[in-house]
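Structure first, commentary second.
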Amino acid sequence: MRTLAIANMEVGSVWMRLVRVRGGAPSVFLMKPSAVSSSSKTTRTIRYKNHLSTFFPSSNPPPITFLSPVSPTRRPLSTATCSPQIPLATIEDYCSDAGGDNINVLPKKGSRVLLKGMSFTELQQWVRSHAFRPGQALMLWKRLYGDDIWAHCTDELEGLNKDFKKMLSEHAEFRALSLKDILTSSDGTRKILFMLDDGLVIETVVIPCNRGRTTVCVSSQVGCAMNCQFCYTGRMGLKRHLTAAEIVEQAVFARRLLSSEVGSITNVVFMGMGEPLHNVENVIKAANIMVHEQGLHFSPRKVTVSTSGLVPQLKQFLNESNCALAVSLNATTDEVRNWIMPINRKYKLGLLIETLREELHFKNNYKVLFEYVMLAGVNDSFDDAKRLIGLVQGIPCKINLISFNPHCGSQFTPTTDEKMIEFRNILAGAGCTVFLRLSRGDDQMAACGQLGNPGAIQAPLLRVPEKFQTAINASI
């Protein structure tokens, strides 16, 4: 009979020894606190009622054998009994074998765990796995995201346990991004360039507003696979998804770097580089971290995730997140949308609209934001305005009319201000809630649709439908 795993654990008010043997069921033995040696190589602190399922998730807890009387008084943890530096390999192997949480699946940077890639629950579990109390996880979380600290290293973790800070310095990584540059537009918009570990660069935009609202526009991918014909990022193609940590840290960096200059950053929009719902798991996780009440504490109504129309992921997002949704519509017919937004060839306009109508039926007091980039001679006719009214009918929504922002190699020209106003008035006259969104940061290529650096190899421009040839030729 060969022992596979032995773990000493503080469970509720007693110490327990978990033993698993090859060919036999796991067993748990209760023992005196003095029986726990400071030289134990696999020590883990858990609570019995809530966390024994970590070790036995798919079966009943093993039989408990009382080896000796135990004191009902909880002993405080100390470094003598639970060193934060103990190896975790055996515990990890056991958890994996039992089907429980495997610490190895946590986000990592090299051999270190990436703190900003963890949800609060994951952070608590990781802290427990190193034999520290859950309260330490909450204190760390607040210093990462709250209290105006936005910590980037252990030296900024004032008030935390010395041994806990030492463990963090050995096993954790605080930063997922490196600051490369900050460009300031004439209107006060800032474009922040971040370097990733693999040398790729992403862009984040901070947009101040004189009404007391400042928005950070975060990226969710390096490049984008959607190839929207009016978007500069789409020319890059997709390089890779961003991790949850790389997304979250854009908002943390924005607050840390610019709050003193632009005031409190109140809103987040996932409208930077990439199609957020193409990276839906990491985006939902990042959004949940941003709205956590003990952390960055953005209001869910002020965190908006945009999509070009990936219908299955849109359903997932509406079911799993309370954050706001924006849909980049930009056309009122399949003919135009197939051209300027190729995703429409897979998920047609009618399917997208009907899905929204059905899904929003189950959400109370929730409005979707429709974004409509206006392209001269392409989607800005008065007939387009009337069709748009019909499309959104019955859907609780707001509509943003966005001026097209030109970029190198663009086929399109912006709709004139006068025509945008007329287009808006038609929508408003039909009872739609509609806003004109003016360009911000375009002199630094920081405006909507201008982010990224396509390089020499670019995604293809699609054939222009014959009926729009005149409008496109006029813009060249």
Side-chain angles (χ1 to χ4, degrees), residues 224-237 275 306-311 326-356 370-393 395 397 399-430 432 434 436-437 439 442 447-450 454 458-476:
C224 183
M226 299 299 106
N227 196 21
C228 295
Q229 298 293 283
F230 50 83
C231 180
Y232 196 50
T233 309
R235 311 295 306 127
M236 294 178 63
E275 160 56 57
S306 178
T307 181
S308 59
L310 279 69
V311 170
V327 175
S328 189
L329 204 59
N330 307 319
T332 60
T333 67
D334 282 327
E335 179 186 19
V336 174
R337 206 164 189 268
N338 285 348
W339 165 37
I340 65 174
M341 300 184 70
I343 189 63
N344 195 75
R345 301 176 185 186
K346 184 169 186 179
Y347 303 113
K348 295 294 187 183
L349 187 56
L351 174 63
L352 173 61
I353 293 297
E354 189 57 34
T355 299
L356 287 169
F370 286 112
E371 301 168 293
Y372 198 90
V373 176
M374 301 200 67
L375 308 171
V378 175
N379 64 357
D380 62 349
S381 70
F382 296 149
D383 285 340
D384 280 308
K386 294 173 184 176
R387 283 192 292 267
L388 183 55
I389 293 168
L391 283 173
V392 304
Q393 190 169 14
I395 300 176
C397 67
I399 302 172
N400 269 1
L401 301 180
I402 303 169
S403 178
F404 169 68
N405 298 298
H407 49 77
C408 179
S410 166
Q411 302 179 85
F412 305 103
T413 54
T415 298
T416 63
D417 292 346
E418 293 76 16
K419 192 163 187 179
M420 285 186 69
I421 292 171
E422 292 176 343
F423 196 98
R424 179 200 62 185
N425 290 344
I426 293 173
L427 299 179
C432 297
V434 57
L436 294 179
R437 200 171 110 193
S439 296
D442 55 334
C448 179
Q450 290 186 328
Q458 300 185 8
L461 291 173
L462 303 181
R463 183 182 62 83
V464 179
E466 186 175 348
K467 66 187 293 185
F468 299 107
Q469 288 285 355
T470 302
I472 294 301
N473 291 336
S475 68
I476 298 176

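Looking only at distances, no side-chain donor or acceptor of Asn379 sits under 3.5 Å from a matching main-chain atom of Thr332. Judged by distance alone, the side chain of Gln229 and the main-chain N or O of Trp339 form no donor-acceptor pair under 3.5 Å. Without hydrogens or angle criteria, Gln469 side chain to Val464 main chain gives a donor-acceptor distance under 3.5 Å. Put simply, the side chain of Asp334 never gets that close to the backbone of Asn344: no donor and acceptor are under 3.5 Å apart. No side-chain donor-acceptor contact under 3.5 Å links Glu371 to the backbone of Ala326. For the pair Gln450 (side chain) and Pro406 (backbone), a donor-acceptor distance under 3.5 Å is present. Panel note: side chain Arg437, backbone Leu401; no donor-acceptor pair is recorded below 3.5 Å. For the pair Arg337 (side chain) and Lys348 (backbone), a donor-acceptor distance under 3.5 Å is absent.
With respect to Arg387 and Asp384, a salt bridge is recorded, a charged nitrogen being found less than 4.0 Å from a carboxylate O.
Interatomic distance, Ile343 CD1 to Asn338 CG, rounded to the nearest 0.5 Å: 11.0 Å. Atoms CE and OG1, from Met374 and Thr416 in turn, are 8.5 Å apart once rounded to the nearest 0.5 Å. Here the CG atom belonging to Leu462 is positioned 12.5 Å from the CE atom belonging to Met341, to the nearest 0.5 angstrom. Note that the OG1 atom of Thr413 and the CG atom of Asp380 stand 8.5 Å from one another [nearest 0.5 Å]. The line from CZ of Phe230 to OG of Ser328 is 4.5 Å long, rounded to the nearest 0.5 Å. The line from CD1 of Ile426 to CG of Leu388 is 10.5 Å long, rounded to the nearest 0.5 Å.
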Self-check item: Working for side-chain contact (heavy atoms from CB on, under 4.5 Å), residues Ile472 and Phe412
Solution: CA-CA 6 Å; Ile472 294 301; Phe412 305 103; 3.6 Å; yes
- Task: Test Arg424 against Ile421 for side-chain contact (heavy atoms from CB on, under 4.5 Å), laying out the working first.
- Result: CA-CA 5 Å; Arg424 179 200 62 185; Ile421 292 171; 3.7 Å; yes
Exercise for review: Could you go through the side-chain contact (heavy atoms from CB on, under 4.5 Å) check for Leu375 and Asn330 one step at a time?
Suggested key: CA-CA 9 Å; Leu375 308 171; Asn330 307 319; over 6 Å; no
- prompt: How far apart are the C-alpha atoms of Lys467 and Glu335, what are their side-chain angles, what is the distance that settles it, and do they pass the side-chain contact (heavy atoms from CB on, under 4.5 Å) test?
  reply: CA-CA 10 Å; Lys467 66 187 293 185; Glu335 179 186 19; 3.4 Å; yes
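Pairing each heavy atom of Ala471 with each of Gly377, the nearest pair is CB-O, 3.8 Å. In terms of heavy atoms, Ala430 sits closest to Ile389 at CB-CD1, 3.4 Å. Closest of all the heavy-atom pairs between Ala376 and Thr415 is N-OG1, 3.5 Å. Shown here for Ser403 and Met420, the closest heavy-atom pair between the two residues is N-CE, 3.8 Å. Residue Ile340 comes nearest to Ala331 through the heavy atom pair CD1-CB, 4.3 Å, listed as atom of the first residue, atom of the second, then distance. Listed here is the closest heavy atom pair of Cys448 and Asn405: O-ND2, 2.9 Å.
For the side-chain contact (heavy atoms from CB on, under 4.5 Å) test with Tyr347, the passing option among Val311, Leu352, Thr355 is Val311; the others fail.
Heavy-atom contacts from other residues, nucleotides or ligands closer than 6.0 Å to CD of Glu422 number more than 12.
In this structure, a donor-acceptor pair under 3.5 Å is absent between the side chains of Ser381 and Asp383.
Using cut-offs of 30° and 60° on the angle between ring planes, the pair Tyr232 and His407 is tilted.
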